[in-house]
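In what follows, a structure is listed as structure tokens, so that the remarks can point back to it.
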Amino acid sequence: MVHVDMDMFYAAVEMRDDPSLREKAMAVGGNSMLSTSNYIARRFGVRAGMPGFIAKKLCQDLTIIRPHFFKYKAVSKQVQKVFATYDPNFSMMSLDEGYLDFTSHMQWRRESEDSERTVPVVWRSEEMCFCEKYCPKYVYDENQGQEEIPEKNEDISSSPDLFDEDDSNEENIKASGENLPDFCENCEKRIFKTAPFDAVLFGLDINEAVKEMRFRIEQSTHLTASAGIAPNTLLSKVCSDMNKPNGQYRVLPTREDVINFIDELPIRKISGIGKVCEKMLSGMEIKYCQDLFKKRGELQLISSDISFRYYMKISLGIGSTFVSSHGERKSMSVERTFREMTDRDEMYKKCLDLCNELGGDLKRHNLVGKTITLKIKKSDFSVKTKAQTIANFTDDYELIFKTAYDLLETEIMNSKLLKLRLMGVRMSTLQESSKITSKQNDIKGFLTNMKKKVAKRSAEKPDLIKKGLKRDAEKRETINIKRRASNNLKDMFAKIKETRKVEADDEDDIIVVYEKITDKK
DNA sequence: AAATGAAGGACCC
DNA sequence: GCCCAGGGTCCTTCATCC
């Protein structure tokens, strides 16, 4: 499995298109949030996911560029084109990263011609030396002359035995680059060591294959990518981060290599273990992946089945061994942050706008849905979502607004003074609009619609508030029950310790952790 | 008793 | 050095519905 990740994607695109940005500290995003920063800005501590105004404080000279998504999409398409030649079934996780299965490519590669592994050099970065001295003309093959895009070569016998299965050409290329200095003494630019030629021949093994792919990406987009090669996606994702700018890393498909790699790996490196999880696990003295296995007894006690399996898989370095090109989407949404809003009419107006946008998006993607969710974020940053499923699939903004309005109305009614900083509308339970029949809509829809209407009538607003308060009381009660349960955890441990041989020295810590989890609302 | 909905979070890019 | 956009997915808990 190979994971490929473009280096500081958005920032790199902007720097590519505006050379004046290259020597500056810059970031892409807005005043409220940055999505990427370049390496100069990172030296000041400016990182992705940081509010722009804070970044400005860290680095006064920071240039903030608004994102240009159409550009990123175009670049992503180019990258995908390269991906497709190595694995037509590649799966894109976002605009700038994807997983590929190289198995069948490697089969093909073993029997490939040199010409099929040769990539012409059509572009050199401006930071790189162009001087004759260090960019010798490379004659790929005396018989074939200048090389174009690799084509099926009919006469096979003529190719020399120079590059056997065992003898990859990596050595040859390296050898020619190793003698060169890092920088040219004439132009003082970096010397293009990996490919000081008009065409580059890549070797047979997977490292070479991935280098070739990254080289192709660079040639077509003028941007660099990093990659990770490993026996499964979980590991390859981590690997692509190891040699981050413009590099790659491989974990061999052997037991030793996988164990060596995973054992000392901080859990936070694994995709899916975030801030919260890290903190919780560190409370149990779990910092590295091997600790997950060491503390498996305790973990099983406090985790759900799914989480526990997940942890164990991580600790053993187990992950998915196949990629599936994107499944169908589950939801579609629009949301917007704005300056504090208290006026109701303004809120309804905003809601309408969002519904309008969402409706357009749905239509554009040929989708209809039936669950509408209203999301609001108050000035204190607390987030609330309210959802309602309607009878019929729709993409009509007026219909969406009808229910979104109701949801917003009850929210306004339920709070004395609503101060909003964000509003969003989401549609889920999606269907392809072509797939839905009018019959389904008419009969089934009519019945459920009636039911909903009756149910809604019977629930009047004061009742709703009462019900809400009642539910709060119930919630508090369940929290208390859980708290009591956690007090009994000590006894539980003792019993479990007897029946199973669990090494739990730090029971107190675990109870603290447990309380933290259960008290968390 | 199993399935579905709703609400809330964690997490990812 | 700080509490954060906007697009998603998935998990968990609780309620409800036959």
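Here the structure is a predicted model, which means the values were calculated and not measured. Here is how names work: the chains are called A, B, and so on, in the same order as the sequence lines, proteins then strands, and each is numbered from 1.
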Just compare [options] and give me whichever is closest to any side-chain atom of [X].
| X | options | answer |
| --- | --- | --- |
| A:Val276 | C:dT9, C:dG1, B:dC11 | B:dC11 |
| A:Ser333 | C:dG7, C:dT9, B:dC13 | C:dG7 |
| A:Arg336 | C:dT9, C:dA5, C:dG6 | C:dG6 |
| A:Glu335 | C:dG6, B:dC12, C:dA5 | C:dG6 |
| A:Ala387 | B:dA7, C:dT12, C:dA5 | B:dA7 |
| A:Asp96 | C:dC3, B:dC13, B:dG5 | B:dC13 |
| A:Ser307 | B:dA7, C:dT12, B:dC11 | C:dT12 |
| A:Ser271 | B:dA7, C:dG1, B:dC12 | B:dC12 |

What is the distance, rounded to the nearest whole Å, between atom [atom1] of [X] and atom [atom2] of [N]?
| X | N | atom1 | atom2 | result |
| --- | --- | --- | --- | --- |
| A:Leu95 | B:dC13 | CG | P | 13 Å |
| A:Lys370 | B:dT4 | NZ | P | 12 Å |
| A:Met280 | B:dG9 | CE | P | 18 Å |

Practice item. Determine, for A:Glu409 against A:Arg344, whether the closest basic-nitrogen to carboxylate-oxygen distance falls under 4.0 angstrom. Key: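 A salt bridge is absent here (no side-chain N lies under 4.0 Å from a carboxylate O).
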
Exercise for review: Assign each of A:Glu328 and A:Leu422 to its nearest nucleotide of DNA chain C by heavy atoms, then name whichever residue's nucleotide is nearer the 5' end.
Suggested key: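 Per heavy-atom nearest nucleotide, the more 5' residue is A:Leu422.
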
Review point. Which residue, A:Gly45 or A:Met332, contacts DNA chain C at a nucleotide closer to its 5' end, judged by nearest heavy atom?
Key: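 The residue closer to the strand's 5' end, by nearest nucleotide, is A:Gly45.
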
Practice item. Kindly assign one of parallel, tilted or perpendicular to the pair A:Phe83 and A:Phe90, based on the angle between their ring planes and the thresholds 30° and 60°. Key: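 Perpendicular: the ring planes of A:Phe83 and A:Phe90 meet at over 60°.
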
